[in-house]
Amino acid sequence: MPELPEVEVTRRQLEPLLVGRTLSAVRTTTASYFFLTPPAMLRRRLRGRRVLALERVGKYLIAQLDGDERLLLHLGMTGQIFGAGATSVRLLSSTAGGALPPEGQRRFRPDAHTHLQLRFADHGPAVFFRDVRKFGKVQLLASGERSARLDRLGPDALAVRGVALYAATRARRAPVKTVLLDQAVLAGVGNIYADEALYLAAISPTRRANRLSREECLRLARTIRRVLRRSIATGGSSISDYVRPDGSDGAYQDERRAYGRTGEPCPRCATPIRRVLIAARSTHFCPKCQR
DNA sequence: ACCGCACCCTGAGCGC
DNA sequence: TGCGCTCAGGGTGCGG
């Protein structure tokens, strides 16, 4: 997915499309793994609700509704949230043979992967949530209802402090990459930005977390904040499915140093970037200048 | 408490 | 063309 930068870019673009508007008809697909709240209940309880604010915590979006309810959204791996009128080939299921519909017929039409359609009382643009793999999540929290998923999250990665990272890693013998992916340690870093931050901080992803020095943790925390901020500024990474709510691609994929660059020369020392598996996730790094 | 792994689901790309 | 395999920005739940 969508990691913190993509979720934050989504939040910023979605905010004016949601906040202040009142939901009318809500359509869903049928019950699945995707719906933490049963779809029939979602349809019933969302109708007439007004959106007061749109927030982000880690990789979660939280729409504050009137009546003190909250709608949790998570994009999973292939989630896309966008407004009616967005056009992008990423929003179309490729047909057998991969032929694209002709220009002019590429306007999005809700398909079998469009699990949530939000329509509004003002009859303005609808908002869609599409997710091919259904690893995304939707949940409606009643007034005062706690969410174990949110309660588990560590500090937001945009604000992570080096001293906190140092403290959190002391008892962790797992590779530092594994610990960066742990949302209880810091919320928002995923596979791309873990690799990118470790590359930029020149720390090997295979290092045992508890072997990092205090100075390395400070450097790593700074680098994490910097790479996330930079990605947000460029609109996030559009690598396979991610699109912004207006349908446009982000641009951070063009600035990647390590992720997905197996075999290409390291930008610092020209050694070929290596790919290994850590925590069953593909991990890209320079074996020479990351120590 | 921590660690690694299987699993949730669908589609694309590859070699044969 | 078709089949079988591997891979993919995530997270949970399990047993060791």
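No hydrogens, no waters, no symmetry mates; every other heavy atom, side chains included, goes into these values. Residue numbers begin at 1 in each chain, while the letters A, B, ... track the order of the sequences.
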Item to complete: Whole angstrom is fine here: how far is it from CD1 in A:I239 over to P in B:dA12?
Response: 18 Å

Worksheet item: Looking at residues 131-139 of chain A, who's got a heavy atom less than 4.0 Å off DNA chain B?
Response: A:V132, A:R133, A:K134, A:F135

Worksheet item: Could A:R268 and A:Y199 be counted as a cation-pi pair, given that NZ or CZ must be under 6.0 Å from the ring centre and within 45° of the axis?
Response: yes

Worksheet, complete the sentence: Stems of at least 3 consecutive Watson-Crick or G-U wobble pairs (donor-acceptor distances under 3.5 Å) involving DNA chain C, listed by first number, are B:2-8 with C:10-16, B:10-16 with C:2-8

Could you list, one pair per line, each protein nitrogen or oxygen that sits under 3.5 Å from a nitrogen or oxygen of nucleotides 2-5 of chain B, together with the distance?
| unit_1 | atom_1 | unit_2 | atom_2 | d |
| --- | --- | --- | --- | --- |
| B:dC3 | OP1 | A:R173 | N | 2.8 |
| B:dC3 | OP1 | A:A174 | N | 2.7 |
| B:dC3 | OP2 | A:R172 | NE | 2.4 |
| B:dC3 | OP2 | A:R172 | NH2 | 2.9 |

Item to complete: Kindly give the cluster partners of A:Y33, where membership spreads through any ILVMFWY side chain lying under 4.5 Å from a current member.
Response: none

Item to complete: Check step by step if ring pair (Phe, Tyr, Trp, His ring centres under 6.0 Å) holds for A:Y259 and A:H284.
Response: CA-CA 5 Å; A:Y259 180 85; A:H284 314 74; 4.8 Å; yes

Practice prompt. Give me the residues of residues 181-190 of chain A where at least one heavy atom lies under 4.0 Å from an atom of DNA chain C, by number, or none.
Written response: A:Q183, A:G190

Discussion item. What I want to check is whether the side chains of A:S231 and A:Y193 have a donor and an acceptor closer together than 3.5 Å.
Written reply: yes

Atom pairs under 3.5 Å: protein N/O with N/O of nucleotides 12-16 of chain C:
| unit_1 | atom_1 | unit_2 | atom_2 | d |
| --- | --- | --- | --- | --- |
| C:dT12 | OP1 | A:R152 | NH2 | 3.0 |

Worksheet entry | Atom pair distance, as rounded to whole Å: CE in A:M77 and C1' in B:dC8 | 11 Å

Item to complete: Determine which pairs satisfy side chain to side chain donor-acceptor pair (under 3.5 Å) with at least one residue from residues 155-168 of chain A, sequence neighbours left out, and list them in order.
Response: A:R56-A:D156

Worksheet item: What pairs of residues pass the salt bridge (Lys or Arg N to Asp or Glu O under 4.0 Å) test when at least one of them lies in residues 27-42 of chain A, not counting sequence neighbours?
Response: none

Item to complete: Kindly state each residue pair satisfying salt bridge (Lys or Arg N to Asp or Glu O under 4.0 Å) with at least one member in residues 180-200 of chain A, sequence neighbours excluded.
Response: A:R172-A:D182, A:K177-A:D195

Discussion item. What is the separation between atom OH on A:Y259 and atom P on C:dA8, rounded to the nearest whole Å?
Written reply: 6 Å

Worksheet item: Please give, in whole Å, the distance from C:dC7 C1' to A:I278 CD1?
Response: 17 Å

Side-chain donor/acceptor pairs under 3.5 Å, residues 143-155 of chain A, sequence neighbours excluded:
| unit_1 | atom_1 | unit_2 | atom_2 | d |
| --- | --- | --- | --- | --- |
| A:S143 | OG | A:D68 | OD2 | 2.8 |
| A:E145 | OE1 | A:A142 | N | 2.8 |
| A:R146 | NE | A:D151 | OD2 | 3.1 |
| A:R146 | NH2 | A:D151 | OD1 | 2.8 |
| A:S147 | OG | A:R149 | N | 3.3 |
| A:S147 | OG | A:L150 | N | 3.1 |

Worksheet item: What salt bridge (Lys or Arg N to Asp or Glu O under 4.0 Å) pairs are there with at least one residue in residues 231-259 of chain A, not counting sequence neighbours?
Response: A:R90-A:D249, A:R230-A:E255

Worksheet item: Between atom OH in A:Y242 and atom C1' in C:dA8, what is the gap in whole Å?
Response: 18 Å

Practice prompt. Write out all pairs satisfying side chain to side chain donor-acceptor pair (under 3.5 Å) with one or both partners inside residues 36-46 of chain A, taking only residues at least two apart or from two chains.
Written response: A:T28-A:R43, A:R45-A:E69

